[in-house]
Amino acid sequence: MPVLVAIPARYASTRYPGKPLVALKGATGAAKSLIRRSWEAACAVQGVDRVVVATDDDRIRAAAEGFGAEVVMTSESCANGTERCAEVLDTLGGGFDIVVNLQGDAPLTPAWFVEGLVAGLRADPMAEVATPVLRCDGRALNGFLDDRKAGRVGGTTAVFTKDNHALYFSKEVIPYTPARYPDNAAETPVFHHVGVYAYRPSALGAYPRWPAGPLEQLEGLEQLRFIEHGHRILCVEVEARGRQFWELNNPEDVARIEAMMAEMGVA
């Protein structure tokens, strides 16, 4: 089952224009662009047949080709990363059984998250999309709550059925928790949705033809389009194994991610 990893990256981000080219310093002090760190994360995944950067911007293309990445140019009309991945699949002419969307703002994504998605999709014939969820400890949950209190969009949370099929995703912290967790290591009932997706080509190809529903528009979460159109998303629970994870959503996240890389020894 050939696997393609596509890394959508656009320059004109509403919240953080130009963020794919933002430099992030690792534990050694060496700076690499966000898109390069995301590409390196994709290349570390086992069992992948091809990795491409998907962009509509010549500046990103030049930077990506400069560090050795294969680039597929996509149209400016793509509304989100899933639509961009669908265009990549069409441009390459298919030939893949699973397409992974490793978003270009998630450079700390561990390889085993993606490997778990591919395995989960292969094991569940009813699922058309798979995405990872990570149970929040007290530290992570408190970070989400602090972000919301300050008016920032932090991580996305997920709720799902007992057989791990998604019920909903939100930029609010769900489910509601009546109290904070003073113990940073405490287990909480909140799951952080990690913005990585594995699709079956049939579902990915159909996605751009569906209109965006009200939930997707309100939350700004592309995966809700699958749910709103009655398609099943498998939530694959993953383990951090001592790794910290954060997406680069706002300029303030640069310092947070660099601190995490320093703590984990990520060069």
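Counting begins at 1 with the first residue of the sequence.
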| Check ion pair Asp147-Lys171 (N to O, under 4.0 angstrom) | no
| Are Arg152 and Asp253 within salt-bridge range, i.e. N to O under 4.0 Å? |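 The answer is no: the pair does not qualify as a salt bridge.
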| said: Using the salt bridge (charged side-chain N to carboxylate O under 4.0 Å, His left out) criterion, which residues pair with Glu128? Sequence neighbours excluded. | reply: none
| What residues form a salt bridge (charged side-chain N to carboxylate O under 4.0 Å, His left out) with Arg59, not counting sequence neighbours? |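 Salt bridge (charged side-chain N to carboxylate O under 4.0 Å, His left out) list for Arg59, sorted by chain: Asp57.
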Report all side-chain donor-acceptor pairs from residues 113-121 shorter than 3.5 Å, counting only partners two or more places apart or in another chain.
from, atom 1, to, atom 2, distance (Å)
Glu115, OE2, Gln46, N, 2.8

| query | Are side-chain N/O atoms of Thr131 and Gln223 paired as donor and acceptor at under 3.5 Å? | reply | no
| Would you say the side-chain atoms of Ser170 and Glu219 include a donor-acceptor pair closer than 3.5 Å? | yes
| field | Common cluster, Val71/Val51, ILVMFWY with side-chain heavy-atom separation under 4.5 Å | value |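 Yes: a chain of side-chain contacts under 4.5 Å links Val71 to Val51.
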| query | Do Val196 and Tyr207 share a hydrophobic cluster (ILVMFWY, side-chain heavy atoms under 4.5 Å, transitive)? | reply | no
| said: Before you tell me yes or no, could you show the steps for Thr82 and Arg225 under side chain to side chain contact (heavy atoms under 4.5 Å, CB included), namely the whole-Å CA-CA distance, both residues' side-chain angles and the distance that decides it to 0.1 Å? | reply: CA-CA 10 Å; Thr82 300; Arg225 194 181 306 184; over 6 Å; no
| said: Using 0.5 Å steps for rounding, measure from the CG atom of Leu204 to the CD atom of Glu83. | reply: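 Taking CG in Leu204 and CD in Glu83, the distance rounds to 10.0 Å.
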| query | So how far is it from Thr91 OG1 to Met73 CE, rounded to the nearest 0.5 Å? | reply |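 Rounded to the nearest 0.5 Å, the OG1-CE separation comes out at 11.0 Å.
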| task | Could you pull out the closest heavy-atom pair between Arg10 and Ile60, with the gap in Å? | result | C-CD1, 3.7 Å
| task | With salt bridge (charged side-chain N to carboxylate O under 4.0 Å, His left out) as the test, would you mind laying out the steps for Arg61 and Asp58 before giving the verdict? | result | CA-CA 5 Å; Arg61 179 184 63 181; Asp58 286 333; 3.2 Å; yes
Side-chain donor-acceptor pairs under 3.5 Å in residues 185-192, sequence neighbours left out?
from, atom 1, to, atom 2, distance (Å)
Thr188, OG1, Cys136, O, 2.8
Thr188, OG1, Val190, N, 3.3

| Within a strict 4.5 Å, meaning less than it, do heavy atoms of the Val45 and Val5 side chains meet? | no
| Which salt bridge (Lys or Arg N to Asp or Glu O under 4.0 Å) pairs, counting each pair once, include a residue from residues 205-215, with sequence neighbours left out? | none
| CZ/Arg139: more than 12 non-hydrogen atoms of other groups inside 6.0 Å | no
| Is the number of heavy atoms from other residues, nucleotides or ligands within 6.0 Å of CD (Glu239) greater than 12? |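 No, because the 6.0 Å sphere around CD of Glu239 holds 12 heavy atoms or fewer from other groups.
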| Is there a donor-acceptor contact under 3.5 Å from the side chain of Thr74 to the main chain of Thr55? |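 Here the side-chain-to-backbone pair exists.
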List the atom pairs, with distances to 0.1 Å, where a side-chain N or O of residues 23-32 and a protein N or O form a donor-acceptor pair under 3.5 Å, not counting sequence neighbours.
from, atom 1, to, atom 2, distance (Å)
Thr28, OG1, Ala30, N, 3.4
Lys32, NZ, Glu40, OE1, 3.2
Lys32, NZ, Glu40, OE2, 3.3

